[in-house]
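Accompanying notes for the structure given below.
Reminder, nothing fancy here: chain letters follow the sequence lines and each chain counts from 1. Below, each value reflects all heavy atoms present in this structure, side chains not excepted, and no hydrogens, waters or symmetry copies.
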Amino acid sequence: MAAVRTSSEIGFNRVAIVAVLLVTIIFLAPIYWIASTAFKPRNLATTIPPTVVFQPEISPFVKLFTKRSQMRSPPSPEEYAAAPWWERVVFDGGEKIVRDGKDQVQWSGYPSRFLNSLIIAITSTVLAVGMGTFTAYGFSRFKVKGEADLLFFILSTRMLPPVVVAIPMFLMYRAVGLNDSHIGLIILYTAFNLSFSVWLMKGFMDEIPKEYEEAALVDGYTRMEAFFKIVLPEAATGIAATAVFCFITAWNEYAFALIMTNRRAQTAPPFIPSQVGSGLPDWTVIAAGTFLFLLPVAIFTFLLRNHLLRGMSFGAIRK
Amino acid sequence: MATTMITTLDRSSRAVARGLSDISIRNLFIIPTVLFLIVFNIFPLIYSLGYSFTDFRASTNAPANFVGLQNYRDLLNDPYVWSNFAITAKYVIISVAGQLLVGFGVAMLLNRDIPLKGLITTLLLLPMMLSMAVVGLFWKLLYDPSWGVINYALGLGNFEWLADPKMALYAVALTDIWMWSPFVMLLSLAGLSAVPKHLYEAAAIDRAGPFYTFFRITLPLVAPILMIAVIFRTMEAFKTFDLAYILTSQPTAELISIRLYKMAFQEWQTGRSCALAYIVLIMVLAITNIYVKYLNKVKER
């Protein structure tokens, strides 16, 4: 193949490389822009021409986590000197941090929403992947009546537009008092991810040779022991990949969170946009919130890139 | 044969003696999941089917009155709802076509010995891993007519992306294309790498031109997997809510799921919105059926 390369082919290859680099830059530019805005001082966030070179600041993050109010008069030198560094950052921006009667710093809504996102996404992922792994093993190893129909039913639950299910779920949750609760969202996201988890895990289970457990059974293990001691360790990478997919879906979900929660159990996706409000929003703070929110997913994507590639094309090709 | 018989007997007797039988393990593993999905997916749908025949409003305590098919009749005669469906169809076509072109194009470029290919593929995955709502929010900043980077980079001055009724839907579709082209690219790459190399070598020996090679070898062999990508993206685009809802409030970009959300949770026409949800559901089932049909065709090849 390489021996018959003509000069025009080599030239085309160079063009292709340049084009690929260009496409990559264009695709990553929006993400770079949000990440860089998260470290800008407020006055540079909305300049034209856009500011590319600047002294990075931590102030957007301090503002993201605290409640602030506009200062009527500048702080006294003593006040300024007594304040910790992160409060000075806010002073410099013309604001001060709001304190309650006991001189405690008032936190903004963001930390609790971020925590809600973590609690709900992690718990529902554990449940969905756990149940999905058991069910996938059941389908993979035993004869099930109407297996194809059952599997299709499981998949079909994923095809509904979220808003369609959300209306009756809202009414049912309201009737039993699950609205605006962590458990309510956890159940919903588990149901949402379960179908995906079963399908993906079944693919991984099918690839583990049956002989492994059969050998264990012959050695006197019970079926359960064989499952936990032989099959589960073999399926570990598949479980990890499935878990990341489920986590990302639950982490990013918006429609249900918007409809089912309003304060106590609200997650970050409906919260961050609600902070824009009217008037001139502080885009550096919103960018900081977005950046922190995207970080876990970006890290997962990078750490598990090979499994992700496999899982994704797997799900699409085998289905 | 005899030995397998013995081990089977042996195993089952032992299983009965110590631990659960295979059948009870199977039931234990499968039944909870199926029940869970029925309770949280099928039951709500039956529940809302009941409400779709009433004039129920969740914002009042008034009891629901049975109105028969009135909701369905009203909705199907409502030009407003039909325009929402038309907007959705337009959106699906634009964004899926865009993703197909960009995704497949990039895959064609990437399908050769390129330095850092693995890293580039991973980096291109990032957009599709993000939250559509949060993506929508930061594209709002990028699209801003007076300080957005997009207008600056393209030299468009004060061009209105989201506030212009004619432009809003295209702007949403453009963001969707940015997010999901990588998905099409990924599947296309898998498809392209599966094309047997000897076909290209044979074509080179026959002195076939690049167009002939592309249309006679590459495209037909990648078509099945492209079809899967198209069907997947069509179904997802049909369901789009968050991206469009966050990006713009233009009525020209009001997709059917946004209409549904407003009807249910802003106007509180619960009964009517349940009926609309059922109409949407029937459409999704129709699309799914097409999907299954094509999938079977793909499998037959």
Specify the closest pair of heavy atoms between [X] and [Y], including all atoms of both residues, with the distance to one decimal.
X      : Y      : result
B:F265 : A:A166 : CZ-O, 4.1 Å
A:I187 : B:F36  : O-CZ, 3.8 Å
B:L260 : A:V163 : CG-CG1, 3.9 Å

Only pairs under 3.5 Å count here: list side-chain donor-acceptor contacts from residues 131-141 of chain A, not counting sequence neighbours, and write none if there are none.
residue: A:T133; atom: OG1; partner: A:V129; partner atom: O; Å: 2.5
residue: A:T135; atom: OG1; partner: A:M131; partner atom: O; Å: 2.8
residue: A:T135; atom: OG1; partner: B:F29; partner atom: O; Å: 3.0
residue: A:T135; atom: OG1; partner: B:T33; partner atom: OG1; Å: 2.5
residue: A:Y137; atom: OH; partner: A:E213; partner atom: OE1; Å: 2.6
residue: A:Y137; atom: OH; partner: A:R223; partner atom: NH1; Å: 3.1
residue: A:S140; atom: OG; partner: A:D206; partner atom: OD1; Å: 2.6
residue: A:R141; atom: NE; partner: A:E213; partner atom: OE1; Å: 3.2
residue: A:R141; atom: NE; partner: A:E213; partner atom: OE2; Å: 3.0
residue: A:R141; atom: NH1; partner: A:M205; partner atom: O; Å: 3.1
residue: A:R141; atom: NH2; partner: A:I208; partner atom: O; Å: 2.9
residue: A:R141; atom: NH2; partner: A:E213; partner atom: OE2; Å: 3.0

Pairs touching residues 24-37 of chain A that satisfy side chain to side chain donor-acceptor pair (under 3.5 Å), sequence neighbours left out: none
For A:Y254, the option from B:V134, B:D242, B:L243 that meets side chain to side chain contact (heavy atoms under 4.5 Å, CB included): B:D242
Positive for side chain to side chain contact (heavy atoms under 4.5 Å, CB included) with A:P161, one of B:L255, B:V284, B:T240: B:V284
Are any non-hydrogen side-chain atoms of [X] and [Y] less than 4.5 angstrom apart?
X      : Y      : answer
A:I31  : B:L130 : yes
B:L126 : A:L294 : no
A:P49  : B:Y152 : yes
A:L171 : B:F56  : yes
A:I286 : B:K140 : no

Portion of A:F293 that has a non-hydrogen atom of chain B nearer than 4.5 angstrom: side chain
